[in-house]
Amino acid sequence: MKLNLVYFAWLKQSIGMGSEAVDTPANVATVNQLRDWLRSKGGGHGEAFGKDAVLRAAVNKAIVSDDHALQDGDEVAFFPPFTGG
Amino acid sequence: MKLNLVYFAWLKQSIGMGSEAVDTPANVATVNQLRDWLRSKGGGHGEAFGKDAVLRAAVNKAIVSDDHALQDGDEVAFFPPFTGG
Amino acid sequence: MIRVQAEDFDVGAELAALGRGNKKIGAVTSFVGLVRDLSDGSDVAAMTLEHYPGMTEAALRDIEAEARQRWQLEDVLIVHRHGKLEPGDRIVLVAVASSHRGMAFDACHFLIDWLKTKAPFWKLEATSQGERWVEAKSDDDQAAARWAKK
Amino acid sequence: MIRVQAEDFDVGAELAALGRGNKKIGAVTSFVGLVRDLSDGSDVAAMTLEHYPGMTEAALRDIEAEARQRWQLEDVLIVHRHGKLEPGDRIVLVAVASSHRGMAFDACHFLIDWLKTKAPFWKLEATSQGERWVEAKSDDDQAAARWAKK
């Protein structure tokens with residue numbers, strides 16, 4: 001399915017871009033599976049998603065759990081825990 | 001002994017003055033005894049100090065307990081509990 | 001710093017001056033108390049704050065010192081007005097600057113709770129039922145008691 | 001009301017506008033967060049706040065709604081900056097107007113504690129040892145957990 005991915009903080013720096021449009025294979029149905037697929041791409045993606053660091057996800061600007069089911073056209077964001085305030 | 005008395009809030013209105021200089025008899029040695037002596041004067045003093053209402057005292061601008069020993073020249077203040085802020 | 005005054009205060013200017021230039025400050029908390037138009041079920045047209053000059057300043061200085069002893073504070077400000085006020089008018093400002101927010105919140109809350117029970121102010125309300133002296137509230141005693149040293 | 005902006009804010013003007021003319025307000029509490037020049041032992045020369053436009057506003061609105069559901073508040077304001085800041089610069093303002101001070105303190109403290117863990121902001125510090133992304137603090141998680149519903 002087609003997804004718009006968004007990255008923040010060190011993840012954005014590590015991957016080298018803030019957003020990208022992807023077309024995922026059929027076996028990517030959940031946030032967790034998307035993360036695994038991104039890691040498998042290697043390069044900046046492999047490094048960023050391969051780190052032993054906490055990453056959170058949001059779909060269409062709302063926090064979701066790892067087993068959240070994705071839909072075609074979703075905006076999926078990955079980022080480390082928040083540090084505002 | 002000679003004392004300067006100061007009254008606040010409803011006590012001041014009830015007695016009809018904010019301060020007065022008094023010369024107390026020899027049996028007035030503590031704050032409590034001063035209060036009894038003022039009540040015994042009757043009139044506005046009798047009414048104000050005869051009321052069943054909480055009154056606090058300060059000597060030379062510091063809160064004291066009822067058995068605090070007075071000294072000649074002290075400024076003694078009587079007032080209800082504070083309601084600022 | 002503490003101040004007792006009849007005039008209103010400028011909250012923005014007071015907070016900006018708090019610890020100005022001290023870059024260890026990460027948190028500034030403030031409390032402003034205002035005259036409400038309703039008190040214990042009666043409409044309030046005006047409120048007159050009486051205080052005990054000299055003792056008031058001493059009491060507020062003691063309260064500030066106690067807060068500074070309990071928490072590591074970069075700056076403290078208490079400004080309390082006296083005289084005749086109307087609903088919506090500011091009565092008191094308490095502000096605290098500290099490195100971290102936990103201390104700043106606790107110290108600010110402590111300062112106003114203690115001020116309510118330990119600073120010699122008395123409120124006279126002009127209501128539609130006439131004038132009356134505000135009575136001390138047991139809520140305020142309980143709020144202050146929370147901060148008693150164990 | 002919530003706002004996300006690059007520009008600084010005027011604390012005095014913001015607090016004066018909070019519930020202006022509402023004479024049920026007896027208490028206004030506020031918290032201002034500032035950039036410190038020292039963080040985890042390193043000198044901080046600058047801090048850049050990144051955020052997630054759209055999600056940030058939604059998260060802040062949710063946080064305000066949660067506070068209004070928990071306490072009877074007359075007004076709420078959250079202003080959070082993004083972009084490049086320097087030590088001493090204001091980062092965030094949280095302010096609450098309520099009839100009584102207990103609610104105003106609790107709600108203000110709640111808002112900043114929740115904001116820290118629930119609003120999508122990330123801090124990049126420029127230190128004498130180079131740039132680094134600030135890591136989330138367990139203290140902040142614990143502060144937010146205090147407000148979890150039993």
Side-chain angles (χ1 to χ4, degrees), chain B residues 2-22 30-32 34-35 38-39 44-85, chain C residues 2 4 31-35 39-40 47-63 78-83 85 90-94 108-125 130-141 143-144:
Chain B
K2 290 192 194 323
L3 299 171
N4 295 302
L5 305 187
V6 198
Y7 309 120
F8 292 98
W10 63 260
L11 195 67
K12 174 163 86 175
Q13 291 184 321
S14 191
I15 293 173
M17 59 182 125
S19 65
E20 61 181 321
V22 296
T30 68
V31 167
N32 222 10
L34 172 61
R35 199 189 308 234
L38 288 166
R39 181 171 51 238
H45 290 78
E47 198 188 322
F49 286 98
K51 272 193 186 170
D52 184 22
V54 176
L55 282 184
R56 305 249 157 87
V59 171
N60 301 327
K61 302 192 168 75
I63 294 280
V64 295
S65 59
D66 281 356
D67 59 359
H68 179 89
L70 298 169
Q71 297 195 300
D72 191 62
D74 275 350
E75 175 177 298
V76 186
F78 289 104
F79 40 75
F82 307 142
T83 59
Chain C
I2 65 105
V4 181
F31 168 82
V32 176
L34 302 146
V35 181
S39 169
D40 289 328
M47 172 184 281
T48 303
L49 269 145
E50 187 173 311
H51 77 115
Y52 187 176
M55 182 171 165
T56 311
E57 290 80 358
L60 295 180
R61 273 192 290 267
D62 284 352
I63 294 167
I78 305 173
V79 184
H80 203 302
R81 295 177 69 189
H82 61 84
L85 304 175
R90 285 175 276 267
I91 304 168
V92 61
L93 168 67
V94 175
C108 191
H109 205 159
F110 164 84
L111 286 163
I112 184 64
D113 282 351
W114 265 37
L115 185 158
K116 289 239 170 202
T117 60
K118 295 185 192 294
F121 289 97
W122 300 272
K123 286 177 181 151
L124 176 68
E125 287 175 346
E131 287 198 339
R132 66 180 183 198
W133 289 94
V134 173
E135 292 198 25
K137 294 184 177 59
S138 61
D139 282 4
D140 287 332
D141 290 338

Determine whether a donor-acceptor pair (N or O, by modelled atom type, separation under 3.5 Å) exists between the side chain of C:R90 and the backbone of C:V32. no
Would you mind listing every side chain to side chain donor-acceptor pair (under 3.5 Å) that reaches into residues 45-56 of chain B, with sequence neighbours excluded? B:E20-B:H45
Under 4.5 Å heavy-atom distance to chain B, tell me which part of C:H51 shows up: side chain, backbone, both or neither. backbone
Heavy atoms only: give me the nearest B:Y7-B:M17 pair and the separation to one decimal. CD1-O, 3.4 Å
Within the side chain of B:N32, is there an N or O that forms a donor-acceptor pair under 3.5 Å with the backbone of B:D67? no
Between B:F79, B:W10, B:F8, which has the largest tally of heavy atom pairs under 4.5 Å with chain C? B:F8
So what's closer than 4.5 Å to chain C heavy atoms on B:A9: side chain, backbone, both or neither? both
Which region of B:V6, side chain (C-beta onward) or backbone (N, CA, C, O), has a non-hydrogen atom less than 4.5 Å from a non-hydrogen atom of chain C, or is it both or neither? side chain
In terms of heavy-atom pairs under 4.5 Å with chain B, which of C:G54, C:A136, C:A119, C:G33 leads? C:A119
Residue list, ring-ring contact (aromatic ring centres under 6.0 Å, His included) with C:F31, at least two apart or on another chain: D:F105
Select one option (side chain, backbone, both, neither) describing which atoms of C:K137 are under 4.5 Å from chain B's heavy atoms. neither
